[in-house]
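Both ligands and their constituent atoms are indexed starting at 1 by order of listing.
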Amino acid sequence: MRGSLSGTLATMGPGVPYLIGAKFAYPDRPGIALVGDGAMQMNGMAELITAAKYYPEWSDPRLVVAVLNNHDLNQVTWEMRAMQGAPQFEDSQAIPDVRYADVAALFGLGGVRVERPEDVAPAWRQALAADRPFVIDFRTDPAVPPIPPHATWDQIKASASSVLHGDSDRGDVVRQGLKAKLQDFLPGGAG
Ligand SMILES: Cc1ncc(C[n+]2csc(CCOP(=O)(O)OP(=O)(O)O)c2C)c(N)n1
Ligand SMILES: [Mg+2]
């Protein structure tokens, strides 16, 4: 299995185009893109038109786009919390909900919206059984910290300070942060 990532600059937008490129290189294999909702709004939705145009040429038509729909430019929200102790600045960070599965349907593709944990596995099964490109719209929680377990003391201190400075998500941030820390100590946890 091969993965590609525009990692050094965390570039938004390559996910769906990279996947379309991968499908031209390996038209006989299924391909999956994991994309943020901000990136999906930036160019991913338009690239679905490209996928719709070319998939009939691929021997395996499976191209799955999984959108992590947290209504937020979340990596930067967390960067501001961890580096500057700044509470979420909604005017620049919040982005609107879009029904990505409905957009896929508009282009003649498959799609489903997932709002409950028990619907995650069935959605993947549906996407991987589809006879055409498929979009899974996962509603996700912007309060789950993407910070790895080896966060530095300064980053932890700055994140805590953003909560004290009135972050609009502060209750959820504290709850999700504690949950992640507890999982470190449980058998099978990430720790
Ligand atoms: C083209 C581009 N524009 C802006 C940025 C700065 N940036 C990095 S991550 C990010 C937010 C990404 O939001 P989203 O796609 O919704 O993913 P999330 O972090 O919420 O999972 C931004 C604005 C970037 N890396 N690349
Ligand atoms: Mg997002």
Side-chain angles (χ1 to χ4, degrees), residues 3-22 31-51 63-104 107 109 111-117 119-120 123-124 127 133-152 154-156 158-160 162-163 167-177 179-180 183 190:
S4 299
L5 180 74
S6 178
T8 309
L9 287 172
T11 320
M12 294 169 72
V16 184
Y18 277 16
L19 178 56
I20 292 169
I32 295 173
L34 304 174
V35 304
D37 51 345
M40 194 64 183
Q41 291 183 22
M42 194 180 267
N43 68 334
M45 289 195 294
E47 291 301 337
L48 292 179
I49 301 171
T50 314
L63 174 154
V64 183
V65 177
V67 185
L68 305 174
N69 183 356
N70 54 17
H71 299 177
D72 192 53
L73 299 172
N74 199 237
Q75 176 177 324
V76 174
T77 298
W78 276 98
E79 221 164 47
M80 289 163 71
R81 285 180 180 132
M83 316 276 278
Q84 296 154 8
Q88 184 181 35
F89 179 48
E90 287 197 47
D91 288 343
S92 78
Q93 298 311 106
I95 55 174
D97 186 43
V98 168
R99 294 272 161 173
Y100 300 99
D102 293 349
V103 172
F107 298 151
L109 309 178
V112 69
R113 170 127 160 164
V114 174
E115 297 184 332
R116 301 178 310 167
D119 294 333
V120 171
W124 280 112
F134 197 98
V135 172
I136 312 178
D137 173 6
F138 287 113
R139 266 297 279 131
T140 56
D141 185 349
V144 175
I147 298 170
H150 55 264
T152 65
D154 280 347
Q155 288 168 337
I156 293 168
S159 301
S162 74
V163 170
D167 197 290
S168 47
D169 268 347
R170 60 186 175 275
D172 284 342
V173 165
V174 170
R175 189 168 49 80
Q176 292 292 354
K179 202 165 106 188
Q183 277 165 355

Next on the checklist: Which residues pass the salt bridge (charged side-chain N to carboxylate O under 4.0 Å, His left out) test with D141, not counting sequence neighbours?
Outcome noted: none
Item to check | Under 3.5 Å donor-acceptor, R139 side chain and N69 backbone | outcome: yes
Next on the checklist: For P142, is there any backbone N or O sitting under 3.5 Å from a side-chain donor or acceptor partner on W78?
Outcome noted: yes
Next on the checklist: Closer than 3.5 angstrom, by distance alone: can the side chain of Q41 be matched with the main-chain N or O of P96 as a donor-acceptor pair?
Outcome noted: yes
Item to check | Side chain to side chain, L109 and V135, heavy atoms closer than 4.5 Å | outcome: no
Next on the checklist: Nearest 0.5 Å, please: how far is CE in M42 from CG in D37?
Outcome noted: 11.0 Å
Checklist outcome for this item: Across all chains, not counting sequence neighbours, the side-chain contact (heavy atoms from CB on, under 4.5 Å) partners of S92 are F89
Item to check | Heavy-atom side-chain proximity of Y18 to L5 below 4.5 angstrom | outcome: no
Checklist outcome for this item: So the protein N/O/S atoms within less than 2.8 Å of the Mg ion (ligand 2) come down to D37 OD1, N70 OD1, D72 O
Checklist entry - Hey, are the side chains of M40 and V103 touching, using non-hydrogen atoms and a 4.5 Å cut-off? => result no
Pairs under 3.5 Å, nitrogen or oxygen of ligand 1 with protein nitrogen or oxygen:
residue, atom, partner, partner atom, Å
ligand 1, 15 (O), G38, N, 3.3
ligand 1, 15 (O), A39, N, 3.0
ligand 1, 16 (O), D37, N, 3.4
ligand 1, 16 (O), D37, OD1, 2.7
ligand 1, 16 (O), G38, N, 2.8
ligand 1, 16 (O), D72, O, 3.0
ligand 1, 19 (O), N74, N, 3.4
ligand 1, 19 (O), Q75, N, 2.8
ligand 1, 20 (O), N70, OD1, 3.2
ligand 1, 20 (O), N70, ND2, 3.0
ligand 1, 20 (O), D72, O, 2.9
ligand 1, 20 (O), N74, N, 3.0
ligand 1, 25 (N), L9, O, 3.3
ligand 1, 25 (N), A10, O, 2.9
ligand 1, 26 (N), M12, N, 3.2

